[in-house]
> 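Below is one structure. I have some questions about it.
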Amino acid sequence: MTGAVITGWGTALPDRIVTNEDIGTLFETTDEWIVERSGIHTRRAATGPFVSPPAVENPEDGLGTTGTLAAEAGGKALKFAGLSGRDISMLILCTTTPDQLIPANSAAVSAVLGIGGGAMDINAACAGFTYGLVTASGMVAAGAARVLLIGAETLTRATNWEDRTNAFLFGDGAGAVVLEAVPGEGSLLGWDLGVDGTLVPLLYAHHGSGMAMRGKEVFRRAVLATVESATTSLEKAKVGIDDIALFVPHQANIRIMEACATRLGLSKDRVASVIDRTGNTSSASIPLALVDAAENGRLHDGDLVLLAGFGAGMTWASAVWRWGGK
Ligand code: UT7
């Protein structure tokens with residue numbers, strides 16, 4: 001039996017910090033309203049109204065693309081693990097905002113990082129990273145020695161900057177982890193992935209237009225789906241909520257995160273949060289919060305981590321992961 005453990009991690013954020021005051025120059029809103037309704041103070045932007053567009057819109061070398069953020073985070077994770085791209089059997093890039101329609105964004109990223117094996121994208125919206133973690137673990141169980149898993153987004157490019165009901169929510173960034181094979185069951189103790197495709201109309205973007213969202217309905221369903229999925233993963237892992245050292249929810253809205261934590265029976269000090277300074281970065285949000293926790297000494301070898309996300313589709317995903325273990 002072969003399982004996967006995480007041996008390296010890294011993140012990347014665009015330099016441009018967009019404040020709520022900046023957002024208030026686009027339409028009528030206030031810092032107080034945004035903070036109270038979402039918990040977001042700032043977000044990072046690689047595109048959009050607060051960033052000068054790069055002179056050449058080339059996804060391979062343009063500033064602040066999904067690909068460049070992914071490559072930066074992935075490169076840091078490889079370095080942390082003491083590996084080079086050649087050592088990687090599979091690159092999985094989770095994104096819902098790829099730089100191009102064709103080919104998969106992971107192809108350009110694999111060239112930058114010199115990936116030795118295959119490369120593919122996963123688009124499960126904000127549940128993407130957890131979908132990727134389960135997929136990567138499955139590949140390791142099937143014989144892949146090392147997988148580089150990246151969640152990267154430039155959501156500011158898919159934002160409708162005229163829609164004051166949701167434009168303040170989104171930000172850009174990337175987070176990455178390296179998974180390596182070890183003898184035994186590895187770190188993935190239980191998981192749950194799901195989708196209800198009848199709910200596509202709740203949150204979508206057509207080619208060339210910004211996101212449209214029914215925020216209240218997404219909010220309500222997000223709490224239900226996250227709690228139910230997390231409960232399923234706990235059951236599959238045969239552990240209880242008291243065994244969980246850290247809950248790493250999708251960073252969509254502090255009120256959603258706190259509602260999920262409360263329903264699951266978790267106190268605030270066991271919730272990882274970067275939403276105040278990243279906004280909602282979709283596939284990047286869970287690795288950004290996970291790496292932040294690791295770098296701030298909140299994760300120790302053997303700790304059980306509960307990851308849970310939901311997103312457009314509607315998709316949902318959760319996993320119970322044992323930290324460390326190489
Ligand atoms: O990754 C998944 C992606 N999506 C999500 O997770 C989003 C889920 N939804 C949410 O997070 C929340 O629904 C929002 C943060 C988007 C909105 O919060 P809300 O508490 O659901 O507010 P609301 O839409 O009910 O709006 C309340 C009021 C309305 O005024 P009235 O009808 O009460 O007079 C809005 O017109 O706030 C008004 N409003 C604003 N006011 C100031 C809406 N947008 C703004 C704004 N600034 N930007």
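Count residues from 1 along the sequence. Ligands are counted one by one from 1 in listed order, and the atoms in each one are counted from 1 as well. Predicted, not measured: the structure shown is a model, and the values here were computed from it.
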> Suppose I only count heavy atoms of Ile256 and a 4.0 Å limit; which atoms of ligand 1 are within that range?
6 (O), 8 (C)
> Quick one: which ligand 1 atoms are inside 4.0 Å of a heavy atom on Thr165?
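With Thr165 as reference, the close atoms of ligand 1 come out as 16 (C), 44 (N).
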> Before accepting this row, confirm whether a basic side-chain N of the pair Arg157/Asp99 lies closer than 4.0 Å to the acidic partner's carboxylate O.
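Judged by the 4.0 Å cut-off on N to carboxylate O distance, Arg157 and Asp99 do form a salt bridge.
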> Does ligand 1 have a heavy atom under 4.0 Å from the side chain of Asn253, from its backbone, from both, or from neither?
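The answer is the side chain of Asn253.
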> Is the closest protein non-hydrogen atom to atom 25 (O) of ligand 1 under 4.0 Å?
yes
> Using heavy-atom distances only, which candidate in Glu36, Arg37, Arg164 approaches atom 19 (P) of ligand 1 most closely?
Arg37
> Applying a 4.0 Å heavy-atom criterion (strictly less than), which segment of Thr30 is in contact with ligand 1: side chain, backbone, both, or neither?
neither
> Using a strict cut-off of 4.0 Å, indicate which atoms of ligand 1 neighbour a heavy atom of Arg255.
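Answer, ordered by atom number: 18 (O), 20 (O).
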> Over all heavy atoms of both residues, which pair between Ala152 and Leu93 is shortest? Give the atoms and the distance, please.
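So the minimum-distance heavy-atom pair works out to CB-CD1, 3.9 Å.
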> Look up atom 21 (O) of ligand 1 and tell me if a protein heavy atom lies less than 4.0 Å from it?
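Within 4.0 Å of atom 21 (O) of ligand 1, protein heavy atoms are found.
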> Any atoms of ligand 1 less than 4.0 Å from a non-hydrogen atom of Asn280? List them with their elements.
1 (O), 2 (C), 3 (C)
> Using side-chain heavy atoms (C-beta onward) and a distance below 4.5 Å, is Leu246 in contact with Trp323?
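They are not in contact (no side-chain heavy atoms under 4.5 Å apart), so the answer is no.
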> Distance to 0.1 Å, residue and atom name: give those for the protein heavy atom nearest to atom 8 (C) of ligand 1.
Gly215 O, 3.4 Å
> Which word best sums up how the rings of Phe168 and Trp33 line up, parallel for under 30°, tilted for 30 to 60°, or perpendicular for over 60°?
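Phe168 vs Trp33 ring planes: perpendicular.
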> Just jot down the ligand 1 atoms closer than 4.0 angstrom to any heavy atom of Glu28, in number order.
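Counting from 1, the qualifying ligand atoms are 47 (N).
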> Suppose I only count heavy atoms of Leu203 and a 4.0 Å limit; which atoms of ligand 1 are within that range?
3 (C)
> So, Thr96 and Asn123: side-chain donor and acceptor under 3.5 Å apart, yes or no?
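Thr96 vs Asn123: donor-acceptor pair found between side chains.
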> Please name all residues satisfying salt bridge (Lys or Arg N to Asp or Glu O under 4.0 Å) with Asp31, sequence neighbours left out, ordered by chain then number.
none
> Check for a donor-acceptor pair, side chain of Arg16 on one end and backbone N or O of Ala45 on the other, with a separation under 3.5 Å.
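Judged by distance alone, no pair lies under 3.5 Å.
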> Ligand 1 versus Cys126, non-hydrogen atoms closer than 4.0 Å: side chain, backbone, both, neither?
side chain
> What part of Ile34, side chain, backbone, both or neither, has a heavy atom within less than 4.0 angstrom of ligand 1?
neither
> With a sphere of 6.0 Å drawn around CG of Asn296, does it hold more than 12 non-hydrogen atoms of other residues, nucleotides or ligands?
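Atom CG in Asn296 is crowded, with more than 12 foreign heavy atoms closer than 6.0 Å.
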> Might you check, step by step, whether the distance between atom 37 (O) of ligand 1 and some protein heavy atom is under 4.0 Å?
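When distances to the protein are checked, atom 37 (O) of ligand 1 has a heavy atom within 4.0 Å.
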> Nearest heavy atom to atom 17 (C) of ligand 1 wins, so pick from Trp33, Phe170, Phe219.
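Among Trp33, Phe170, Phe219, the closest heavy atom to atom 17 (C) of ligand 1 belongs to Trp33.
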> Hey, does Leu133 have a side-chain heavy atom less than 4.5 Å from the side chain of Trp191?
no
> In ligand 1, which numbered atoms sit nearer than 4.0 Å to a non-hydrogen atom of Phe310?
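That gives atoms 2 (C), 6 (O) of ligand 1.
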> Is there a heavy atom of Val218 sitting under 4.0 angstrom from any atom of ligand 1?
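Heavy atoms of Val218 do come under 4.0 Å of ligand 1.
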> Answer with side chain, backbone, both or neither: which part of His250 has a heavy atom less than 4.0 angstrom from an atom of ligand 1?
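Looking at His250 and ligand 1, just side chain atoms fall under 4.0 Å.
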> With a cutoff of under 4.5 Å between side-chain heavy atoms, which Ile, Leu, Val, Met, Phe, Trp and Tyr residues group with Leu101?
Ile102
> Establish whether atom 29 (C) of ligand 1 and some protein heavy atom are separated by less than 4.0 angstrom.
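Not a single protein heavy atom is under 4.0 Å away.
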> State the atoms of ligand 1, each with its element, that fall below the 4.0 Å cut-off from a heavy-atom position in Met213.
3 (C), 4 (N), 5 (C), 7 (C)
> Take atom 33 (O) of ligand 1 and look for protein heavy atoms under 4.0 Å from it; say yes if you find one, no if not.
no
> Mark yes or no for whether Ser285, through its side chain, and Gln251, through its backbone, hold a donor-acceptor pair below 3.5 Å.
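Yes; judged by distance alone, with no hydrogens or angles, the pair exists.
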> Please tell me if the side chains of Thr11 and Pro287 come closer than 4.5 Å, counting only heavy atoms from C-beta onward.
no
> Do Glu217 and Arg220 meet the salt-bridge criterion of a basic N to acidic O distance under 4.0 Å?
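Salt bridge flag = yes for Glu217 with Arg220.
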